[in-house]
*Asks:* 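I have a structure I would like to understand better, so I am pasting it below and will then ask my questions one at a time.
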Amino acid sequence: RAIPLQEMPSQDPLVRRNNMEEVALGYTESQVKLEAMRCLQCKNAPCISGCPVSINIPGFIAAAAEGDFEKSIGIIKESSSLPAICGRVCPQETQCMATCTVGKAEKDVMRSVQIGRIERYVADWERENDKIQVPEVAPSTGKRVAIVGSGPSGLSAAFDLRKEGHDVTVYEAFHKNGGVTVYGIPEFRLPKKIVEIEIDTLVKMGVKIVTNFLVGKTRKLTDLLEKDGFDAVYIAAGAGLPKFMGIEGENLVGVFSANEYLTRSNLMKAYDTANSRTPIYHAKKVAIFGGGNVAMDAARTAKRIGAEEVHVVYRRTEAEMPARVEEVHHAKEEGIIFDFLTNPVKILGDENGRVKGIECLKYELGEPDDSGRRRPVPIEGSNFIIDLDACIPSLGNNANPILSNSTPDLEVNKWGNIVVDENNKTSIDRIYAGGDIVLGAATVILAMGQGRHAAESINKLLKA
Amino acid sequence: MNKIIRKIQLSDDVFQMEIEAPLIAEERKAGQFIILIVSEEFGERIPLTIAGADEEKGTITIIFQAVGDSTKELGKKSEGDYIDSLLGPLGKATHIVKYDKPVVCVGGGIGVAPLRPIVEAFKKAGNEVISIIGARNKDLLILEDEIRAYSDEVIICTDDGSYGRKDLVTAPLKEICESRDPAEVVAIGPPVMMKFCALTTKPYKVKTTVSLNTIMIDGTGMCGGCRVTVGDETKFVCVDGPEFDGHLVDFDNMINRLNTYKHQEEEHNCRIGLDSKGGEK
Ligand SMILES: Cc1cc2nc3c(=O)[nH]c(=O)nc-3n(C[C@H](O)[C@H](O)[C@H](O)COP(=O)(O)OP(=O)(O)OC[C@H]3O[C@@H](n4cnc5c(N)ncnc54)[C@H](O)[C@@H]3O)c2cc1C
Ligand SMILES: Cc1cc2nc3c(=O)[nH]c(=O)nc-3n(C[C@H](O)[C@H](O)[C@H](O)COP(=O)(O)OP(=O)(O)OC[C@H]3O[C@@H](n4cnc5c(N)ncnc54)[C@H](O)[C@@H]3O)c2cc1C
Ligand code: SF4
Ligand code: SF4
Ligand code: FES
């Protein structure tokens with residue numbers, strides 16, 4: 001008989017909404033083997049084409065089924081340097097699981113082989129058993145590469161370039177490394193310790209990391225090449241410019257971008273009110289605007305900070321939500337209220353300029369638009385008010401203009417994203433770019449994939 | 001890690017520190033600021049203006065008032081100690097122009113510190129500079145000599161009349177607008193002071209620049225916490241500012257936003273008190 005799908009053990013929703021600890025607890029050894037045995041080892045392995053970095057999925061799963069976790073993680077690391085992160089945060093249902101034969105046969109993508117959960121297990125196994133190997137570094141090439149930004153894209157480029165023997169320095173604006181994985185994605189979804197250990201490995205390989213360094217301000221981008229003697233630069237500065245809706249009342253007290261709210265909580269540890277010096281707004285009733293991962297993270301954080309009622313206000317329906325299915329599921333379990341087909345038109349303030357409510361419009365789904373999604377259309381006269389004391393627009397990010405403003409020759413498109421060619425090279429020689437700053441807000445694994453691709457191009461340039 | 005080279009106490013709760021930061025000393029211009037964290041583990045990111053720099057020594061100078069947790073903690077640091085992190089220079093530089101008519105620089109309280117490099121820059125560009133500096137009383141007045149060094153004329157105001165004129169800075173400002181037809185006014189100080197300076201100059205249509213001190217986190221345009229309403233637009237003080245046209249800034253909104261956490265910070269303090277006595281949290 002078929003092996004049953006292995007569910008992920010997780011913290012009780014009533015308990016976890018009062019703590020910041022990780023929600024998903026990870027498979028046990030017997031569970032991971034059972035789940036791995038669900039894989040049919042398809043000859044054509046359609047799952048591989050769903051993974052942006054083409055991990056040899058049947059290969060690592062077969063090794064996990066045999067209990068040879070060392071071999072399994074070895075196979076993953078041929079293609080990905082951050083599996084403990086990707087196994088947790090990849091939108092697997094639209095990537096590797098979307099093309100998996102098992103899911104196709106069962107007519108439900110969520111019933112595909114749980115590829116990410118297996119990946120997470122073997123990556124955690126490696127870390128918890130102190131098996132992380134510091135990769136061998138090739139003899140020095142005498143070439144120097146600067147990397148702007150320590151998010152997933154910058155870190156994976158640093159890893160590959162250092163392995164080739166180049167002298168690599170990562171510059172990070174914040175006081176901590178990791179990009180969105182430390183300031184955006186909450187601890188309860190991705191423990192910061194995991195990111196720290198990945199960075200430790202880089203440092204052990206000899207990568208230099210300089211924090212509190214804003215390229216474009218502390219030093220001009222082109223000065224890195226012209227004054228500081230770098231042979232090439234990789235820009236992985238992320239998106240990092242919060243989108244607002246442009247509605248009335250958005251500057252009232254009690255309106256926070258998800259970036260601000262999450263940075264206070266994650267990076268500055270504001271949830272730890274006894275110790276942290278950084279305050280976070282205490283509200284009883286909070287509305288989040290948006291339907292992506294950012295919105296889910298903000299909603300679930302607000303709950304943990306102590307809000308009694310948290311609404312996610314989204315223009316379309318659950319089916320169109322871009323967030324990972326697991327996050328939506330977890331959010332519902334934690335008591336988050338979803339107001340679908342609803343959109344705020346105005347934020348209302350009291351006499352002290354503080355938020356006291358939002359005025360919303362009801363929507364219905366109309367004809368499909370160009371992207372094939374049914375377009376939400378407002379229902380005229382359906383205005384209604386929700387009383388609340390804080391709102392968090394969580395609409396994702398645009399490209400941050402600091403680098404492009406201070407580097408006139410750097411070509412950007414009309415959204416401010418850096419324009420690159422097929423080798424990830426920008427309009428300036430010896431300067432490459434990738435990740436969210438090129439793709440627009442994307443995913444960890446896509447950002448990583450671009451980091452690896454750019455590293456390959458830079459390596460070719462430097463060895464030519 | 002940045003080393004504190006020199007520390008001077010300017011008044012009861014105002015300190016001046018010279019800090020090692022060679023790259024910032026090289027790049028910074030008048031009007032720019034830094035963000036620092038005194039101790040990283042649980043510390044807060046606080047913005048402070050670069051009040052001066054010595055490129056050769058590789059140091060910058062900050063002047064700050066110990067008003068809350070983080071600035072008090074910073075005030076307790078001594079020469080030779082380190083600050084965990086320091087990022088800069090941030091924000092846009094002051095737009096320095098050579099005018100035919102006088103430039104008026106108005107500073108109130110701790111605002112005299114960020115004003116000082118601007119006074120210097122205007123003077124060095126060849127302008128006639130009139131400075132008006134104010135404080136609640138004589139003891140709280142800072143940097144008088146430094147301002148005098150680069151001003152053609154200095155007017156001092158105190159709230160209680162213990163030094164200079166017993167007036168708000170807006171009184172001499174109004175007189176100058178009437179009699180001297182200034183080309184530009186730069187006003188830096190508490191938000192209320194900047195608001196009234198802008199109101200004072202408005203009828204005379206004198207260009208008025210203010211430097212806003214909103215709440216900030218990253219200082220790189222990533223969080224939007226520092227946003228203000230300027231005219232019909234939302235601007236981020238850390239990247240679009242800190243200087244804006246004072247006649248367009250919505251000061252009331254800015255003042256409300258500065259008070260976002262006021263209630264909580266007080267609450268937070270008393271809980272800590274309870275904790276140390278072993279009381280419940
Ligand atoms: C709240 C939230 C939740 C998310 N959830 C998921 C998820 O579940 N799954 C998923 O796959 N993706 C998720 N994403 C998206 C994902 O995190 C990003 O696509 C990914 O982190 C992009 O990586 P990056 O390296 O390009 O940039 P970033 O991670 O943004 O890192 C860029 C780094 O560069 C630094 N920097 C910027 N400018 C400069 C400069 N001029 N000088 C020096 N340093 C600079 C920044 O401080 C930052 O640390 C989420 C994003 C957010 C905001
Ligand atoms: C661009 C910029 C430049 C600045 N330059 C200087 C400077 O050169 N010298 C200096 O002393 N200060 C300056 N400030 C203000 C300084 O950042 C704040 O005083 C500091 O962050 C307060 O931190 P705290 O933890 O000590 O006080 P908190 O405990 O956070 O606050 C104590 C009290 O100060 C108020 N407050 C909080 N933040 C600010 C703020 N940004 N401005 C005014 N009041 C505030 C609070 O409402 C509270 O009443 C500047 C601010 C900005 C944005
Ligand atoms: S990296 Fe992401 S997409 Fe690729 S196999 Fe792992 S979970 Fe799937
Ligand atoms: S498609 Fe699914 S079943 Fe087939 S090899 Fe990939 S993971 Fe296994
Ligand atoms: S401080 Fe975060 S955007 Fe200005």
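So you know, we letter chains A, B, ... as the sequences are listed, proteins then strands, and number each from 1.
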*Asks:* Does any heavy atom of chain A fall under 4.5 Å from the side chain of B:N253, the backbone, both, or neither of them?
*Replies:*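 Contact with chain A: side chain only.
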*Asks:* Between B:I46, B:T234, B:I24, who has the most heavy-atom pairs with chain A when the cutoff is under 4.5 Å?
*Replies:*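 Looking at each option in turn, the highest pair count goes to B:T234.
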*Asks:* Could you have a look at B:E26, B:E40, B:M254, B:R45 and say which one has the most heavy-atom pairs with chain A under 4.5 angstrom?
*Replies:*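 If we count pairs closer than 4.5 Å to chain A, B:R45 comes out on top.
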*Asks:* Report yes if the side chains of B:R227 and A:V255 come closer than 4.5 Å at any heavy-atom pair, otherwise no.
*Replies:*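 In short, these two side chains touch, coming nearer than 4.5 Å.
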*Asks:* At a heavy-atom separation under 4.5 Å, does B:Q32 approach chain A through its side chain, its backbone, both, or neither?
*Replies:*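 The side chain, not the backbone.
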*Asks:* Please state whether the side chain, the backbone, both or neither of B:I217 comes within less than 4.5 Å of a heavy atom of chain A.
*Replies:*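 Interface part for B:I217: side chain.
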*Asks:* Measuring heavy-atom distances to chain A, does B:I215 have an atom under 4.5 Å in its side chain, in its backbone, in both, or in neither?
*Replies:*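 The answer is the side chain of B:I215.
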*Asks:* How about CD on B:Q9, more than 12 heavy atoms from neighbouring residues, nucleotides or ligands closer than 6.0 Å, or not?
*Replies:*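 More than 12 heavy atoms, drawn from other residues, nucleotides or ligands, come within 6.0 Å of this atom.
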*Asks:* Just checking B:K29: does its NZ atom have more than 12 heavy atoms from other residues, nucleotides or ligands closer to it than 6.0 angstrom?
*Replies:*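 Check fails, neighbour count at 12 or below.
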*Asks:* Side chain from CB out, backbone as N, CA, C, O: work out which of these in B:R28 comes under 4.5 Å of a heavy atom of chain A, or both, or neither.
*Replies:*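 Neither part, no heavy atoms under 4.5 Å.
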*Asks:* For the residue pair A:Y281 and B:Y261, what are the closest heavy atoms and their distance?
*Replies:*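 Heavy atoms only, the tightest pair is N-CE2, 3.4 Å.
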*Asks:* Could you state the interatomic distance from OG1 (B:T260) to CG (A:L252), rounded to the nearest 0.5 Å?
*Replies:*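 B:T260 atom OG1 to A:L252 atom CG measures 10.5 Å (nearest 0.5 Å).
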*Asks:* How long is the straight-line distance from CD1 of A:I402 back to CE of B:M222, given to the nearest 0.5 Å?
*Replies:*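 So the gap between those two atoms works out to 11.0 Å.
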*Asks:* Tell me the closest heavy-atom pair linking B:G221 and A:P242, and the distance in Å.
*Replies:*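 Closest approach of B:G221 to A:P242, heavy atoms only: O-CD, 3.5 Å.
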*Asks:* In terms of heavy-atom proximity below 4.5 Å to chain B, should A:I280 be classed as side chain, backbone, both, or neither?
*Replies:*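 Contact with chain B: backbone only.
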*Asks:* Applying ring pair (Phe, Tyr, Trp, His ring centres under 6.0 Å) as the test, list every pair that has at least one member in residues 39-87 of chain B; sequence neighbours left out.
*Replies:*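 Pairs touching residues 39-87 of chain B that pass the test: B:F15-B:F64.
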*Asks:* For chain B, which residues from residues 170-182 of chain A lie under 4.5 Å away (heavy-atom distances)?
*Replies:*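 Checking residues 170-182 of chain A against chain B gives A:A173, A:F174, A:H175.
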*Asks:* Do A:V253 and B:N259 have side-chain heavy atoms sitting under 4.5 Å apart?
*Replies:*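 Not in contact.
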*Asks:* Count the heavy atoms of every other residue, nucleotide or ligand shown that sit under 6.0 Å from CD of A:E248, and state whether that count exceeds 12.
*Replies:*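 No, the 6.0 Å shell around CD holds no more than 12 heavy atoms from other groups.
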*Asks:* Taking the side chain as C-beta and beyond, is there a heavy-atom pair between B:D218 and A:T263 under 4.5 Å?
*Replies:*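 B:D218 does not reach A:T263 side chain to side chain.
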*Asks:* For A:P401, enumerate each residue passing the side chain to side chain contact (heavy atoms under 4.5 Å, CB included) test, keeping only those at least two apart in sequence or located in another chain.
*Replies:*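 A:L241, A:S404, A:N405.
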*Asks:* Would you call A:R277-B:E73 a salt bridge at under 4.0 Å N-O?
*Replies:*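 Result for this pair is yes, salt bridge flagged.
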*Asks:* To the nearest 0.5 Å, what is the distance between CG on B:N256 and CG on A:N251?
*Replies:*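 Answer rounded to 0.5 Å: 11.5 Å.
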*Asks:* Looking at chain A, which one of B:T220, B:T229, B:V239 has the largest number of heavy-atom pairs inside 4.5 Å, strictly under?
*Replies:*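 Heavy-atom pair counts peak at B:T220.
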*Asks:* Count the heavy atoms of every other residue, nucleotide or ligand shown that sit under 6.0 Å from NZ of B:K7, and state whether that count exceeds 12.
*Replies:*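 Buried by this count: over 12 neighbours within 6.0 Å.
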*Asks:* How long is the straight-line distance from CZ of A:F213 back to CG of B:L23, given to the nearest 0.5 Å?
*Replies:*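 If we round to the nearest 0.5 Å, B:L23:CG and A:F213:CZ are 5.5 Å apart.
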*Asks:* Given heavy-atom pairs under 4.5 angstrom as the criterion, report whether the side chain, backbone, both or neither of B:R257 touches chain A.
*Replies:*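 For B:R257, the contact with chain A is made by backbone and side chain together.
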*Asks:* For chain B, which residues from residues 215-223 of chain A lie under 4.5 Å away (heavy-atom distances)?
*Replies:*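 Counting heavy atoms that sit under 4.5 Å from chain B, the residues of residues 215-223 of chain A involved are A:K217, A:T218, A:R219, A:K220, A:D223.
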*Asks:* Just wondering, are more than 12 heavy atoms of other shown residues or ligands nearer than 6.0 Å to NZ in A:K346?
*Replies:*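 Open.
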*Asks:* Are side-chain heavy atoms of B:E44 and A:P279 found at a separation under 4.5 Å?
*Replies:*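 With C-beta onward as the side chain, the pair touches.
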